[in-house]
**Q** 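Let me begin by handing over the structure; questions about it come next.
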Amino acid sequence: MNDVKELYFVAVKILLRKGDELLLTHDVFGDWDIPGGRIKPDEFEVSLEDIIARKMQEELGGAVQYELGEPKIFFRHKRIEHSTQLEARIFAVGYEAVYKSGEISLGSNHDRYEWMDIKTFDPSEYLKGGWLKGMTDYIQSIRGKL
């Protein structure tokens, strides 16, 4: 029996919807993603809602208004860190949110964004690894409700 415990970063992701569209962001490293990110070491006592607000401001700008909903999906993802070239394991919770208003102003880690039509969006054309599995599960769960 292996007693070694895996270490994971924890992230909060936002499934931002505008009607039947879902927001995807593209990072400067060449990957598509959804808004959100890791909890910082000094945020241990900070509410997840406040961490989400920080990530939304960093990634989409301060003008974007949204209504945060419930957690809808859970991701496990492995990726190579750009800064260290070491593998990182990430556990993420995907919260659904409704876009209300405000112009998107991407932060320094993103270079573009797209609103995807949920009815026709194929996550495999944009995402990979655990992000792909989580998004595929999410899209399948809501398509029947549209």
Side-chain angles (χ1 to χ4, degrees), residues 6-41 43-146:
E6 290 291 336
L7 295 177
Y8 282 78
F9 290 99
V10 178
V12 287
K13 295 296 214 171
I14 298 86
L15 303 153
L16 188 62
R17 295 200 26 210
K18 179 171 67 172
D20 291 347
E21 295 179 313
L22 177 71
L23 182 70
L24 283 189
T25 55
H26 187 267
D27 67 30
V28 297
F29 305 110
D31 294 320
W32 285 96
D33 198 358
I34 56 176
R38 294 181 212 172
I39 298 172
K40 292 181 176 183
E43 292 179 317
F44 187 77
E45 299 292 333
V46 176
S47 73
L48 292 178
E49 292 80 7
D50 287 347
I51 295 168
I52 289 168
R54 173 183 62 80
K55 291 306 298 179
M56 291 290 278
Q57 173 140 1
E58 287 175 2
E59 296 189 7
L60 304 181
V64 172
Q65 300 296 310
Y66 61 95
E67 180 180 318
L68 188 63
E70 299 289 322
K72 293 292 182 182
I73 53 172
F74 302 91
F75 303 89
R76 284 178 288 176
H77 184 69
K78 291 189 288 189
R79 70 175 228 190
I80 301 299
E81 292 287 89
H82 297 285
S83 60
T84 64
Q85 294 302 302
L86 299 174
E87 182 181 88
R89 292 172 182 246
I90 303 166
F91 176 81
V93 179
Y95 282 79
E96 198 168 51
V98 176
Y99 171 84
K100 294 293 189 184
S101 65
E103 186 174 335
I104 292 174
S105 176
L106 294 174
S108 61
N109 288 335
H110 295 90
D111 56 10
R112 67 183 189 265
Y113 67 90
E114 284 188 38
W115 288 100
M116 302 294 179
D117 184 335
I118 294 170
K119 292 178 248 160
T120 58
F121 172 51
D122 179 358
S124 69
E125 293 179 11
Y126 292 85
L127 303 168
K128 56 189 172 189
W131 300 146
L132 172 59
K133 180 179 181 336
M135 186 59 72
T136 300
D137 291 349
Y138 175 68
I139 293 292
Q140 289 175 348
S141 75
I142 61 173
R143 274 199 179 139
K145 300 173 186 172
L146 299 176

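On a predicted model such as this, the values are computed, not experimentally measured, just so you know. Because only heavy atoms are used, hydrogens play no part in the values below, and waters and symmetry mates are left out as well, while side chains stay in.
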**Q** Kindly give the heavy-atom pair with the smallest separation between Met116 and Glu114, and that separation in Å.
**A** CE-OE1, 3.4 Å
**Q** Drop me the distance from Ile51's CD1 to Phe44's CZ, to the nearest 0.5 angstrom.
**A** 10.5 Å
**Q** Can you check whether Met135 reaches Tyr126 side chain to side chain, under 4.5 Å on heavy atoms?
**A**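 SC-SC contact between Met135 and Tyr126 ruled out.
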**Q** Please, which pairs that meet side-chain hydrogen bond (donor to acceptor under 3.5 Å, both in side chains) have at least one residue in residues 28-38, sequence neighbours excluded?
**A**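 Non-adjacent pairs meeting side-chain hydrogen bond (donor to acceptor under 3.5 Å, both in side chains): Lys13-Asp33, Asp31-Lys128, Arg38-Glu81.
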**Q** For residues Ile39 and Leu48, determine if any side-chain heavy atom of one lies less than 4.5 Å from a side-chain heavy atom of the other.
**A** yes
**Q** Dump the intermediate steps for side-chain contact (heavy atoms from CB on, under 4.5 Å) on Leu16 and Tyr113, then the final yes or no.
**A** CA-CA 12 Å; Leu16 188 62; Tyr113 67 90; over 6 Å; no
**Q** Roughly how far, to the nearest 0.5 Å, is CD of Glu59 from OG of Ser105?
**A** 12.5 Å
**Q** Give me the atom names and distance for the closest heavy-atom approach of Trp131 to Leu127.
**A** O-CD1, 4.0 Å
**Q** For Ile139 and Pro123, work out which heavy atoms get closest and say how close.
**A**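 In terms of heavy atoms, the two residues are closest at CG1-CG, 4.1 Å.
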**Q** Which pair of non-hydrogen atoms, one from Ile90 and one from Ala11, has the smallest distance, and what is that distance?
**A**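 In this case the closest contact between Ile90 and Ala11 is CG2-CB, 3.9 Å.
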**Q** With heavy-atom distances below 4.5 Å as the criterion, would you say the side chains of Phe29 and Ile80 are in contact?
**A** no
**Q** Atom CG of Leu15 and atom CG of Leu68: how far apart are they, to the nearest 0.5 Å?
**A** 10.0 Å
**Q** Does atom CG (Leu7) have a neighbourhood of more than 12 heavy atoms from anything else shown, all under 6.0 Å?
**A**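 No - once you tally the heavy atoms of other residues, nucleotides and ligands closer than 6.0 Å, there are 12 at most.
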**Q** Using a 4.5 Å cut-off on heavy atoms from C-beta on, say whether the side chain of Lys55 contacts that of Pro35.
**A** no
**Q** Taking the side chain as every heavy atom from C-beta outward, state whether Ile34 and Phe75 have any pair of such atoms under 4.5 Å apart.
**A** yes
**Q** To the nearest 0.5 angstrom, please state how far the NZ atom of Lys18 sits from the OG atom of Ser101.
**A** 11.5 Å
**Q** Can you confirm whether Tyr66 sits close enough to Leu60 that some side-chain heavy atom of one is under 4.5 Å from a side-chain heavy atom of the other?
**A** no
**Q** What I want to find out is whether Lys133 reaches Asp137 closely enough, with some N-O distance under 4.0 Å, to be called a salt bridge.
**A** yes
**Q** Within this structure, what is the NZ-OH distance for the pair Lys78 and Tyr8, rounded to the nearest 0.5 Å?
**A**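 Spacing of NZ (Lys78) from OH (Tyr8) equals 8.0 Å.
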**Q** Do Ile104 and Leu23 have side chains that approach each other closer than 4.5 Å (heavy atoms only, starting at C-beta)?
**A** yes
**Q** Can you classify the ring geometry of Trp115 versus Tyr99 as parallel (below 30°), tilted (30 to 60°) or perpendicular (above 60°)?
**A** perpendicular
**Q** When you look at Leu132 and Ser124, which way does the side-chain contact (heavy atoms from CB on, under 4.5 Å) test go after all the steps?
**A** CA-CA 6 Å; Leu132 172 59; Ser124 69; 4.1 Å; yes
**Q** Applying salt bridge (charged side-chain N to carboxylate O under 4.0 Å, His left out) as the test, list every pair that has at least one member in residues 89-102; sequence neighbours left out.
**A** Glu6-Arg89, Arg17-Glu96, Glu67-Lys100, Glu87-Arg89
**Q** Minimum heavy-atom separation for Ala97 to Ile14, with atom names?
**A** CB-CG2, 3.7 Å
**Q** Can you name the residues that form a ring-ring contact (aromatic ring centres under 6.0 Å, His included) with His110, not counting sequence neighbours?
**A**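 Checked His110 against ring-ring contact (aromatic ring centres under 6.0 Å, His included); zero matches.
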**Q** Any non-hydrogen side-chain atom of Leu106 less than 4.5 Å from a side-chain atom of Asp111?
**A** no
